[in-house]
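Here is the structure we will look at, set down as structure tokens.
Naming convention: chains lettered A, B, ... in sequence-line order (proteins, then strands); numbering from 1 in each chain. Computation of the quantities below employed the complete heavy-atom set of this structure, encompassing side-chain atoms and omitting hydrogens, waters and symmetry-equivalent molecules.
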Amino acid sequence: MVSRSLSLPLSNCRSHQNPTPNLNFSQLQNAISNLDLTSNNQQHTRHKLITSSILLKSCIRSHNFQLAKLLHLKLTESRLPLDSLLLNSLITLYSKCGEWPHALSIFQTMDNAKKDLVSWSAIIACFANNNMDFKALLTFLDMLQNGFYPNEYCFTAAIRACSNAQFCFTTGRAVFGFLLKTGYFDSHVCVGCALIDMFVKGGGDLDSAYMVFEKMRERNVVTWTLMITRFMQLGFAGDAVDLFLRMLVMTEYVPDRFTLTSVLSACAEMELLSLGKQLHSWVIRSGLSSDVFVECSLVDMYAKCGSVENSRKVFDRMPDRNVMSWTALITGYAQGSGHEQEAIKLFCEMMLQGHVVPNCLTFSGVLKACVNLPDFGFGEQLHSQTIKLGFHGVNHVGNSLVNMYARSGRMDCARKIFDILFKKNLILIDTVAEENTEILNSEEAFGHEIEHNGTGANAFTYACLLSGAACIGTIGKGEQVHARVVKSGFGTNLLVNNALISMYSKCGNKEAALQVFNDMGGVRNVISWTSIINGFAKHGFATKALELFNEMLEIGIKPNDVTYIAVLSACSHVGLIDEAWKHFNSMRFNHGIVPRMEHYACMVDLLGRSGLLSEAIEFINSMPFDADALVWRTFLGSCRVHRNTELGEYAAKMILEREPHDPAAHILLSNLYASEGRWDDVAAIRKNMKQRKLVKEAGYSWIEVDNKVHKFHVGDTLHPQAQKIYNELDELASKIKKSGYVPNTDFVLHDVEDEQKEQYLFQHSEKIAVAFALISTPNPKPIRIFKNLRVCGDCHSAIKYISVVTGREIVVRDANRFHHIKDGKCSCNDYW
DNA sequence: ATAGGGTTAG
């Protein structure tokens, strides 16, 4: 754990500048246009070729690819006989600017006698850098057959080619073994770097990558930065920061723009504001403020650390504001709750200025701000904008749209977009698979454009699809994605596995979630553990959740704040009061995690559910900050369960003080009155809401059958099988009444006669969905129902009886948790 | 001559 008051030994660092300054653009341009390539004698020719070679190298190093191509053109026109030196540089040029077919044709037209080890290394690197791993390895073998023995540069290229899932565990490990045996492992810093990336990119194997890093004889600032960055990117921000501090203390390397970008991201992730501030001052002192990457990381860091004002200040002072800068700030506002309007304002400002064109990430960010907007209009406008710009099918944007629609209860829209994404990715994955087979079968593996940049589905694509499936609760689609994951070799990827755990959990299949978790073996991070703990907690298996939490502590994984929300909610769902207090105290004292509003809300929930209402109030009053609406809403829920109108009214008042336009508070209060039969008060609230134009969120349930989502509202008759569903409901009603079910009309919130109330009860969307599931799915299969609000108490009781009379297992996911109902018992122990 | 590290997202 990084101490928050730590002062960095940054002042000890002195900047080492590159000793040989590169030629700038105009110097290069002049030199190339003045270059006279006509020549009359051999001596002359040699000299010109050397000059060209130096210029070419300089262009490549400074990324002036256009000038380099101009020079190539002049060389071709001069008809001078180019030597290996120049030809090799040209291969590198086209490799680096992504025009690999040119590189290949230069290599192919070279005389075999002219091809030296460098030429082979360059073309292998070219394939490896342009996503043609298989061709790179074939060429490597070809080179060996031609009698060349690889050196460290050549190995570096070959190792890079092993950096994907297919090759990492086979060829990659073989190459690694060979390097260790021959002593090549230590031959060059770059070999180590390539190996680190092979393990990281090939299967998220940070342990092996770190082992390589530790065992390297020689390291430099690039090596350290690489390792720091990979820790950070794979979700180990804490280790990234630790490693960075070690670099400062143990070495004399100076963090540069690359190092700072990564460490700042890690600070953002861990909300280390004070370290972030120290880094900020280092950025200013070392003159890196003009680097747009570093500045964006600063904007992001301040926003994630909850200091949006500083974020804004950095942004306002940025000399060079591009899409990235705008997006970083917009996203910053969208993430911090309460700044959604500011995010939207900023987005509009950016559009009005018109200098900067939004990209996919910009839309991802601003769409996030729309999730909780009461008015759907702006989000819909953004949606149509993304369609116009062709972004709606892009994974991140699509996922944000799915998220926005799903969270605001518009399941139909969410599902439509999810299907577009799903179909698109299936096609993409199939195409790539086919193309790879084609390469494997083809005699001349070279030649035609098969693998091009960036089309393949990657780990993020899968994670995105899985989280979409989790949101909507379509386990069928989720399983299909899982099959693809395995087929395409992403089965060992950390990110993907974490997404799988949460998908199975959120879709109600905790066994499958556990299976994925168990199969991960040692490659798990705090997110994997938190996901599985949260899964069990939400399903009401608190003992299992807490067991897993203890196991996690034992093997030395540091829990984070989210882990504790899962742990506390596990205790809360089964009423483990002492256990909860133990963890609540331990999180601060043993792990240095300061409890947030959510943690306090968990404790209030726990106390309130157990009927300790006055303790709960006392607890709320002892909080170090003012309780927000979430805490009071939680408390109000308990008041209703324990029928304490007095405290309930007080809680509702507190909510409405904080969020006067929250329809949920009005509804909860009206439910409270209704359960006591105070119909006049109910009517008064309804009238008040009507005047304020507050709309209550309509309750509905849905279920996936044969890959199709069926959604039901209260009293729904729109389904094509409505008649059959209601017949089934009637039958169920009489069956469960015979076995002891008594309708609980407290849950009907209309002032009507008892018999009529019962009628209303049997029109609840949960019951309709269950009836539909019973007539449309085969017997042993568990039924999985989803509801946007909390499940109603009468439905809960009725479904328990239904599970007995039908012998089916019924899983209900409501807004709060899971109910596994089997043989008349529910995993929540009727405590929710 | 051939080699290696960065940003904003879900």
Check DNA chain B against residues 187-200 of chain A and give the residues with a non-hydrogen atom under 4.0 Å, in numerical order. A/His188, A/Val189, A/Cys190
Proximity to the side chain of A/Asn395 - top-ranked nucleotide from B/dG10, B/dG6, B/dA3: B/dG10
Run the salt bridge (charged side-chain N to carboxylate O under 4.0 Å, His left out) test against A/Arg217 and tell me which residues pass, sequence neighbours left out. A/Asp186
Between B/dG5, B/dT2, B/dA1, which nucleotide gets closest to the side-chain atoms of A/Val222? B/dG5
A/Val402 near the nucleic acid: base, sugar-phosphate alone, or nothing, with a heavy-atom cut-off under 4.0 Å? nothing
May I ask you to say what A/Asp116 touches in the nucleic acid, namely base, sugar-phosphate or nothing, with a heavy-atom cut-off under 4.0 Å? base
Please determine whether a side-chain nitrogen or oxygen atom of A/Arg230 lies at a distance below 4.0 Å from atom OP1 or OP2 of B/dG6. yes
Short side-chain N/O contact to B/dT8 OP1/OP2 from A/Lys304, under 4.0 Å: no
Listed by chain and number, what are the side chain to side chain contact (heavy atoms under 4.5 Å, CB included) partners of A/Arg410, not counting sequence neighbours? A/Phe376, A/Glu380, A/Met404, A/Tyr405, A/Ser408, A/Cys413
Students often get this wrong, so: under 4.0 angstrom with heavy atoms, is A/Asp300 touching a base, only sugar-phosphate, or nothing? sugar-phosphate
What's the closest nucleotide to the A/Thr327 side chain, out of B/dG10, B/dA3, B/dT8? B/dT8
Distance check: side-chain N/O of A/Ser265 vs OP1/OP2 of B/dT8, anything under 4.0 Å? yes
Check every strand shown and say whether A/Thr259 touches a base, only sugar-phosphate, or nothing at a heavy-atom separation below 4.0 Å. base
Going by the rule ring pair (Phe, Tyr, Trp, His ring centres under 6.0 Å), which residues pair with A/Phe176 if we only count those two or more places apart in sequence or in a different chain? A/Phe199
Here's one to test your reading of the geometry: is the NZ or CZ of A/Lys96 within 45 degrees of the ring axis of A/Phe65 and under 6.0 Å from its centre? no
Assign A/Ser297 to base, sugar-phosphate, or nothing according to its heavy-atom contacts below 4.0 angstrom with the strands shown. sugar-phosphate
Could you tell me which residues satisfy side chain to side chain contact (heavy atoms under 4.5 Å, CB included) with A/Cys296, sequence neighbours excluded, listed by chain and number? A/Val292, A/Met318, A/Met324, A/Ser325
Who passes side chain to side chain contact (heavy atoms under 4.5 Å, CB included) against A/Val526, sequence neighbours left out? A/Thr530, A/Met552, A/Ile557, A/Asn560, A/Thr563
